[in-house]
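Numbers for residues simply follow the sequence, beginning at 1.
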Amino acid sequence: MTQEAARPDPPVQDPEQMPPHAREEMFQLLVERVRDYAIFMLDPAGIVMSWNRGAQRIKGYAAAEIVGHHFSRFYPEEALRAGWPQTELKLAAAEGRFEDEGWRVRKDGSRFWANVVITALHDDSGHLRGFAKVTRDLTERKRMESLETSNRQMTEFVAMLAHELRNPLAPILMASSAAQLGTSDPERTARALTIIERQARHLGRLVDDLLDVSRISRGDVRLELRRMRLADAVAQGIEAVRPIADQKQHTLTVELKHDPVVRGDPVRLTQVVSNLVGNSAKYTPPDGRIDIAVDVRENDAVLTVADNGIGIDPEVLPRVFDSFTQDRRALDRGPGGLGLGLTIARRIVDLHGGTIVVESAGPGCGTRVEVTLPMQSTAAEAGLTVLVVDDNVDAAQILREVVEMGGHRAVMAFDGETALALARAEKPDIALLDLGLPGLSGYELARAFRGEPELKGMQIVAISGYATQADRELSAESGFDAHLAKPLALDMLFKTLPALKPR
């Protein structure tokens, strides 16, 4: 039996001994074959210079489609508005390396959760030559974390809901039994009935809060806007919750430094005030103080509600506007509620084009809430005429309401042909156009507008779910003055067209 001679192992070549071009080819081959990571190079301005297979798999672009384009097209609209791509490069250039996690956008418009590492590349002279960027798709990990968080929040909410429902149910049942036992004592029966009524009202408020936050989240709330004094909403809102403050013997002060007029829904703004003052009453110990003030700052009406209550833990403060959020440490110091008061207040204020901020120095330091609302001019309203065009009726109507909140006149159309005829008749100052219209598209409609001599001075703004750089370039070529992405953020609308901001 013969034994085959052992084959010697091939010699291992030291990379340092390889010619430079061979080392470069090996490195390029290594990077090119990686599929689990997007690895690509940027020039100092952020233009994509190279693209590997992992980048194509994760982001959806072939190399020929993306090389030579700016890397900002991978970012969602909110990141672009914040200037985040440029900030990343500046931080990487300053520190040598920058790491981040956040949402990014694929070619098809879908989002994925990315871990991003950007490394600044300098030559031997120290000059910045560009950046190396490595991206991992962590969407599945993010999904599992979100699922765990949602499950935990749902468990906490169910426990909180059970706790809060038992609070009024327990005295209702006990008072009912007492009333039955004390039929011979009219005073005892009257006290029991008073307790039942008070606790039943509290139970009704819990249910109303649940329904309200559900309706607002679905966009089912329609504001009845009119010119109104903010002081009227303050007076009515305080009146609704005064029994709570009186029961705890709170000192409640109201200071009207100005008497601003806003364009608002009286019922909903009263609800905002009652929610804010009610929160202060709940979380301020007996004999505490609640101060309400109405003031003016530039073009905004300002409402503040401040108390010397238990305050808010710094860990909780960033989440006070989230649904069903409470400071757990406060539950044994007053009625808890479902943690929906601030959530509802913020969403109502948002619908009015305003802002709401909560401040607290920490437990025991009280809380201050500030609401700002666009102030309505007291001068004669000679506003603009604005044409709103969208085949989504709800979207068109809410945009019309936003325009009218600024004291302007809005006209609507739901297709391109009607919009063109309406523009010829009304000669609007501004046209807000959805791009995906039936019949004439938004692009065709803009070109038609530009061909009308009588519409020469009209501003045309595209509002679309298509918001890539290519889409923006196409809208500019079609005659649009600006391009806003859906879902439309009111701050971006007012920044693009300041004249539309409610006064």
Side-chain angles (χ1 to χ4, degrees), residues 160 163-164 166-168 170-171 195 198-199 201-206 208-209 212-213 230-231 233-257 269-295 302-346 348-349 355-372:
M160 182 192 302
H163 171 82
E164 296 306 326
R166 287 192 185 102
N167 273 345
I195 291 173
R198 183 167 60 244
Q199 295 301 323
R201 289 182 184 279
H202 175 57
L203 188 60
R205 284 195 298 270
L206 295 178
D208 286 343
D209 279 352
D212 256 348
V213 78
L230 181 57
V234 170
Q236 294 168 20
I238 291 173
E239 189 63 26
V241 296
R242 186 176 290 278
I244 301 175
D246 289 346
Q247 185 180 7
K248 298 176 74 173
Q249 297 183 321
H250 289 149
T251 299
L252 198 155
T253 69
V254 181
E255 182 180 10
L256 298 179
K257 299 179 181 178
L269 290 184
T270 296
Q271 184 180 9
V272 169
V273 175
S274 63
N275 282 2
L276 299 184
V277 179
N279 260 10
S280 287
K282 287 178 184 177
Y283 297 112
T284 298
D287 300 318
R289 184 179 182 88
I290 303 172
D291 298 314
I292 301 101
V294 176
D295 203 348
V302 182
L303 165 68
T304 58
V305 179
D307 62 59
N308 63 347
I310 65 174
I312 301 174
D313 193 298
E315 295 179 0
V316 176
L317 195 58
R319 299 183 288 108
V320 292
F321 291 115
D322 294 347
S323 298
F324 314 119
T325 296
Q326 290 181 325
D327 188 341
R328 286 294 184 184
R329 301 175 192 177
L331 289 180
D332 61 345
R333 302 181 65 178
L338 295 177
L340 294 175
L342 285 176
T343 302
I344 295 170
R346 183 180 69 169
I348 293 174
V349 170
T355 62
I356 181 170
V357 177
V358 178
E359 301 171 345
S360 177
C365 298
T367 302
R368 181 180 182 275
V369 184
E370 179 181 280
V371 175
T372 62

### Message
Return the OG to CG distance between S360 and D307, rounded to the nearest 0.5 Å.
### Response
8.5 Å
### Message
Using the side chain to side chain contact (heavy atoms under 4.5 Å, CB included) criterion, which residues pair with T355? Sequence neighbours excluded.
### Response
T372
### Query
Looking only at heavy atoms, what is the nearest atom pair of A345 and N275, with distance?
N-ND2, 4.3 Å
### Message
Checking side-chain contact (heavy atoms from CB on, under 4.5 Å) between T284 and each of N279, T367, N308, which is the one that passes?
### Response
N308
### Query
Within a strict 4.5 Å, meaning less than it, do heavy atoms of the V371 and T304 side chains meet?
no
### Query
Out of curiosity, T253 OG1 to I292 CD1, how far, rounded to the nearest 0.5 Å?
6.0 Å
### Test applied, side-chain contact (heavy atoms from CB on, under 4.5 Å); reference residue, I356; option that passes from V369, L303, I348
V369
### Query
Which value, rounded to the nearest 0.5 Å, describes the distance between K282 atom NZ and I310 atom CD1?
12.0 Å
#### Entry: Gap between atom CG of L269 and atom OG of S274 - 0.5 Å precision
10.5 Å
### Message
Would the distance check show the side chain of K248 and the main-chain N or O of A281 forming a donor-acceptor pair, the cut-off being under 3.5 Å?
### Response
yes
### Query
Taking atom CG of L252 and atom CD1 of I238, what is their separation to the nearest 0.5 Å?
5.5 Å
### Query
From R368 CZ over to D291 CG, what is the distance, rounded to the nearest 0.5 angstrom?
11.0 Å
### Task
Tell me, please, which residues at least two apart from D295 pass salt bridge (Lys or Arg N to Asp or Glu O under 4.0 Å).
none
